[in-house]
Amino acid sequence: MAASIWLLKSEPNEFSIDDLQARGKQGEPWNGIRNFQARNFMREMSIGDIALIYHSACKTPAIVGYGTVIQTAYPDADALNPQSKYYDEKSSAGNNRWSLVDIQFSEKWSKPVTLKQLKTHPILSEMKLIKQSRLSISPVTAAEFDEILALKDS
DNA sequence: GCCAACGTTGGC
DNA sequence: GCCAACGTTGGC
């Protein structure tokens, strides 16, 4: 089966694509997702899936490159740690509500595809990212991915 | 910093 | 199980 394509948001102040690149081949645990829809998408991810990286809450929101899924969903230990800002009192070792995947850096684009471009594009303006703006992880169709790649090379 | 959108919580 | 209140996200 062909790899699926996803879009993962991150705030560059917190964790940017440069930080992901710096992690090298060990990758980064994509922790702190506390939204059920986003979590469910993570649980559908397979090794080798493409993870577009979108920078949000910054000067120019944009898709800035992509990574690859190198570890499928596993329990998020931060949910069980009262010291963590991602602690969830409703989770327990036997019933951890939250999961995460590991993402490895693949490529940073010299020409990011901006939110403005997406919003004005006939196909990309229909993306889940745009339609459901607060969702931090969303699926991307093969057709949408083609259009995104065309824009970053244009 | 404002505020619209919207997911989650909790009282009933 | 409804829905008002609340909290968070994220573009502008």
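Small disclaimer: the values here were computed from a predicted structure and weren't measured. Numbers restart at 1 for each chain; the letters A, B, ... are given by sequence-line order, proteins then strands.
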Q. Which part of the nucleic acid, if any, lies within contact of Gln37(A), taking any heavy atom under 4.0 Å across all strands shown: a base, the sugar-phosphate backbone alone, or nothing?
A. nothing

Q.
With a 3.5 Å distance limit and no angle check, can you tell me whether Ser10(A) reaches the backbone of Phe15(A) through a side-chain donor-acceptor pair?
A. yes

Q | Along DNA chain B (nearest heavy atom to each residue), the more 5'-positioned of Arg34(A) and Ser133(A) | A | Ser133(A)

Q | Outermost nucleotides of DNA chain B that come under 4.0 Å of a non-hydrogen atom of chain A | A | dA5(B) to dG10(B)

(Q) Less than 6.0 angstrom separating the ring centers of Trp98(A) and Tyr74(A), yes or no? (A) no

(Q) Under 4.0 Å, counting only non-hydrogen atoms across every strand here, what does Lys59(A) touch: a base, just sugar-phosphate, or nothing? (A) nothing

Q: Examine distances only and state if a side-chain atom of Thr120(A) and a backbone atom of Gln117(A) form a donor-acceptor pair shorter than 3.5 Å.
A: yes

Q.
Applying the side chain to side chain contact (heavy atoms under 4.5 Å, CB included) criterion to Ile63(A), which one of Ile17(A), Ile53(A), Leu118(A) satisfies it?
A. Leu118(A)

Q) Sub-3.5 Å donor-acceptor pair from the side chain of Lys108(A) to the main-chain atoms of Val64(A), do we have one? A) no

Q: Select from Asp88(A) and Arg134(A) the residue whose nearest nucleotide in DNA chain B is closer to the 5' end of that strand.
A: Arg134(A)

Q) Can you list every salt bridge (Lys or Arg N to Asp or Glu O under 4.0 Å) pair that touches residues 71-86 of chain A, not counting sequence neighbours? A) Glu14(A)-Lys85(A), Arg34(A)-Asp76(A)

